[in-house]
Structure formats: structure tokens, C-alpha cells
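Data first, discussion second: the structure below is written as C-alpha cells.
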Amino acid sequence: MKIGIRLSLLSALIATALTASPLGELGARRPPNILVILADDLGIGDVGCYGNDTIRTPNIDRLAAEGVKLTHHLAAAPMCTPSRAAMMTSRYPARYGLVPNERLETVVIPHISSRVALPLDEVTLATALRAANYTTALVGKWHLGMYCNLFGESCPGPLKHGFDTFYGIPVTLFMEFRGPHPFWVFDLEKPGFQRLAFTWLLSVVSLAFAKKKLKWSLFTLVFLLLLTHAILFVFWFFTAHVGLDKGSLWGVSNWLHRAANSRIFRQDKVVESPIELDGLSQRLAAESRKVLADFAKDDKPFFLFHSLAHVHTPMFNAPNRERASKHGRYGDNIEEMDESIGTVLDSLKEFGLEDNTLVYFTSDQGGHLEAIDDDGQRIGGHNGLFKGGKAQGGPEGGIRVAGIYRWPGHLPGGAVVDTPTSLMDLMPTFLDLAGLPPLGELVPSAANKDLDGQSIADLLMNGDRSPPQERIMIHHCRQAIRALRLVRGDHIYKMYVGKVNWFEGSTQCGWGHSTGCACYGDEFHRDISHAPELYDLSFDPYEDKPINPEITEYKEIVEFLQDYLKKWKSSVHYPDPPMSNVLDVMWRIHYQPFCRSC
Ligand SMILES: *[C@@H]1O[C@H](CO)[C@@H](O)[C@H](O)[C@H]1NC(C)=O
Ligand SMILES: *[C@@H]1O[C@H](CO)[C@@H](O)[C@H](O)[C@H]1NC(C)=O
């Protein structure tokens, strides 16, 4: 079958070469370009072409009308860092520790100066394509670690993972970025500040007393007072802004979180701090337009990764933009996101790159159901009828996302594929479609790495008619396995070995911008590995009717999957994740990059 794909691809390529290609001979000879557009926290129910008739996403809808729409497209994790790592490497993040285990509260990389990052021996799509002589660029959010040196010198995160250029956000947008927050904090109700006040009083009194007794000059007194205050200032700073019990994610205050992490990088240097949220979406789109204009002048193929800042919290829009969606602030953000996708797609066309560029659009995970703004307005996505959302281990709502592949003249326009696919399929699929060698040949160090994604080139070209392939997907919560999906014949089985405890009558866990359902711990999670729940999503897509454990089908499938799970656990090594090491995750003052040009 592989050979079949290659042959049909070859004939498609020859056909394009023979018909008048807008790029002429040059364009037809070189492999296709790739543009990946990744949304953040976009619910599958937030998109027009996935059934939302009150929100306007004309650009995404057009992409689907001209390409292949995947209706059963799955993220490897319901959180940014692990999901993005999986998409870029085609491997479960648990294999290389870019997920927390149950010990730590943090679920993503919280600081630019956290030590944890995507390990350098993992091979990303960018690294692979660079090895195939592509020019590569990342515009937008990275969130896979920055590798800063002492004093935040040279923080080449994406540049160490195959990208020639980077302009964007090193971590993610956090709610705290919408400042300002108070710097001067002195809360006398807290013991830390009480101790400080007492120490200050004691030092001043002792100095005054000592001056008298020891007959110090005024100069000595002033010098010692200044010194004491300098030392006390450092203690105050740490009391007010640093410490594992601080308000913001992983050990810093809201003020410090914004001051340290709200940054835009160009290459390995900070160029904006704090991030001006108003108009950020347009600035990123304009940057990608510039990048595409440069690519168009070059005869090398390119990979542009446009990683959107929308629709993660906090909500923001361009200043003076008419806010006209029917769904409040969140709807406005969706529509602005779609507009910026339009800018990037239009640039592709304007520079004559459309026909030779494969476009892939998806979201890193499902909508964040619990998110509300300070004024109580909902600012999280909508996952259609799928249950659950972002941050939840196995439930469909957190991992079933929009997915569209478009390549004019090569992939059918307006096609729909219902067969389960994964974000992790991107790398093998693109290498296959582009007629490039497999990963292990392009990057020899990747030869011994097991990929969890697989090429879906055949599905994209022939749709669900292509011969069914048995496939198993694993759904993790952090490092733990919560569910398995088995695609077999016409069936799509999903077996849960752990479930989330939702609030009664809902599929979520409360309200709050930083609230999510944790998928571990007794409060949120129930271990049901002794009596797994089994669904057949081919006729029960919203997981309403678990299969009766008494029937043969249940017994057969559950036994098969439990056996698979046992073998997986005994043969696949999940290292102790660096993301669960406090010292690696916390804010490291000596790695903090500073803004020298802004
Ligand atoms: C469309 O999206 C909005 C915003 O998330 C949501 O509130 C609404 O329920 C969705 N409508 C449908 C029909 O899915
Ligand atoms: C990349 O370019 C080099 C030097 O021009 C060439 O030897 C190599 O075969 C190219 N690699 C691919 C995958 O085309």
C-alpha cells in the first residue's frame, strides 16, 4: 500500500509539473512547502464548519471547503506543553518526560527561566525538514522550553529544535499578563511580613543604640542603615514575590509573573516586555506575512509554523475593533483569530505560494470549560456535544479537536474523513506526502525512536474508503494512562481505566480562570482499572451508553486492550519526568532573560 501511495503521489506530482504550475518549473520540481496553523484551546464546537452556526469563522471554513476535514482528530494531551511536544515530535510526551507526574501541581512549563524543556535529542518536524533543506520559521507561541544561560543570555528554545527564525511568545499567555499588578506589597497579616517588620524595627533601633554607645560617625550610621535596608529589601522581595506558596503559577507573584514571563522574543533576544496584548494577533499575522514574502523570494521549500496566541485566556482584541460576535468576549476572540488566519492564508496566495503549500490547521486541545473572566463572563471554549474539556485525562472534549489538511490539486477539496487520526500524525504524513525520506533517514539520530504518529496520507487522498487499518491510541493524564482507543473495522472502541469526577449535572469541575479538572487525586479522579468502561464511538460518539460488561464484545475487547496495556507498560519506558522536579520547574532568577532592546 505504501508503494501505492508513493506511486499515486508521483503521478500527481508529474501531473502538476505538466499542467501550468503558477510557480513554473522551479515550483514543481521542489517538494511542497508546509504551513502549520495551530490554535490554542479552541473547542471543536467553536468552529463554523464543525457545526457552529452562530460564530463566524469564514477562513477556517474555506480551508475545510478546499481541503480535507478530519472529524475524529485527537490531541495526545489535553494541555499545551505536552500536546505541542507530541505534535512536533510525533511521540507521546511521557516517553521523554515533558509531562508532570502526580507529584506536582504544574501541568505546563510556567516560566521562560524554568530549566525544563523539550529534550535536545528529540527530533521535531522542524529539525527533520531542515535536514531536508527546508527553511523553517516559527511565529507565535512555543511553550516547549527556552534553554536560557546564566543571566538569561541566549535563550534559543525553538532555534535549538530546527527553527531558523523565531518571533513570538516563549511560554504561553497567562491571565496574569493582563496587568498591572502591585509591586509594593506589605501584608501585615502574614507571618513573613510580620517577621520582616520586626527585623526592620530591631535593626534600626540597634543601629541607633550602637551609634550612641560606640560613637560612630554619622557616615558610618548612614552606611550601615543603607546596607541594612538593602539586605531587608532583598528579603522583602522574596517574601512578597517569590516562594512556592505565591499566587501565580509556580512560585511567583502576579507582578513577577508578568514582569518575568510576558515577553516577546525575536530569535534568542527579548524585544517586547511586557507583551502588548491589544493587537497581538494582527502583529503575529503581519510577521508571518513578512516571513512568507521572504520565502517567496527564495527557491528553497519552507516550513512556517504559525502558532496562534488566540483563544487562550486572557481575552484580548485589536484596539478599536468592532466587537460584534454573538458570544461575548470569547466569540470576539474566535472571530479575530479567524481573521488572522485569513491574513496568513491570503498572503500565501498573494505571493503565489498557495498551490505548492500544504496547509494544516488544528488546535492543541479542546476548550477550557471552566474559564471565566474577572467579571464572571465565560471565556472558555465549547466542545460541542463531547463531554469534558481541557486538562481532563481521557474525556473526548479535551482532546477531540478541529483538523484540516489542504493541498490544492493533491488532496480532494471538501472531503471529510471520519476515521480517527492524531495530531502526532503530522510529521510522518507530511514526509510521506512530500515524497521525502522517512524520519530515520533524514535524521539518523531518530532512527531508533518509536513514533506514535503514523502517515495518514492515504486517508487524506482516498478518504474513509481506504482500507481500514487497526490502530490503538493511548490517552494520558500527565504520565498516567486513562483510556485506550481501538480502531478496528467499523468500530471505534474507547476503554476507560480512570475517570474524572465532574460536578454533578455537568462535565466540568467548577468555575474560575485557572480552574480545570485535574485528572488525578481522589477528589477529581476515580480509578476504574478493575472494571473498565467501554464505549463504541462509532454509534455512540458522545459516550452516553457504556457497553454492558456481561456481553462477549465487552469481554473480548477489554481483555485485548488490557493485555495491550500490560505489554505497553512492560516494554515502553517512561522516564521520571524532569517536569515533576520542583527545581527544574520553578522560576530561576539566574536564568531570567532581560529586555535590552525594548
Ligand atoms: C458556538 O460557539 C459559542 C462560543 O463558544 C458557543 O457558546 C455556542 O454554544 C456554539 N454554538 C453551537 C451551536 O455549537
Ligand atoms: C540537501 O542539500 C544537500 C546539499 O545540497 C544535498 O546533498 C542533500 O541531498 C539535500 N537533502 C535532501 C533531503 O534533499
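None of these values were measured; they are calculated from a predicted model. Just so you know, ligand 1 is whichever comes first in the structure, and atom 1 is the first atom listed for that ligand.
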L118 versus H161: any side-chain heavy-atom pair under 4.5 Å? yes
Atoms of ligand 2 less than 4.0 Å from N133 heavy atoms? 1 (C), 2 (O), 3 (C), 8 (C), 10 (C), 11 (N), 12 (C), 14 (O)
Within a strict 4.5 Å, meaning less than it, do heavy atoms of the V36 and M87 side chains meet? yes
Working for ring pair (Phe, Tyr, Trp, His ring centres under 6.0 Å), residues F316 and H310: CA-CA 8 Å; F316 61 92; H310 278 312; 4.2 Å; yes
Quick one: ligand 1 N/O to protein N/O pairs below 3.5 Å?
from     : atom 1 : to   : atom 2 : distance (Å)
ligand 1 : 2 (O)  : N52  : ND2    : 2.3
ligand 1 : 5 (O)  : D46  : OD1    : 2.6
ligand 1 : 7 (O)  : H327 : ND1    : 3.4
ligand 1 : 11 (N) : N52  : OD1    : 3.3
ligand 1 : 11 (N) : N52  : ND2    : 3.1
ligand 1 : 14 (O) : H382 : NE2    : 3.2

Please list, in number order, the atoms of ligand 2 under 4.0 Å from a heavy atom of A132. 13 (C)
Have a look at R329 and tell me which of D373, N317, T313 forms a side-chain hydrogen bond (donor to acceptor under 3.5 Å, both in side chains) with it. D373
Side chain to side chain contact (heavy atoms under 4.5 Å, CB included) test vs T421 passes for just one of L74, V68, L426, L459, namely L459
Return the minimal non-hydrogen interatomic distance between L358 and Y405, and the atom names on each side. CD2-CD2, 3.9 Å
Partner residues of D374 under the salt bridge (charged side-chain N to carboxylate O under 4.0 Å, His left out) criterion, sequence neighbours left out: R178
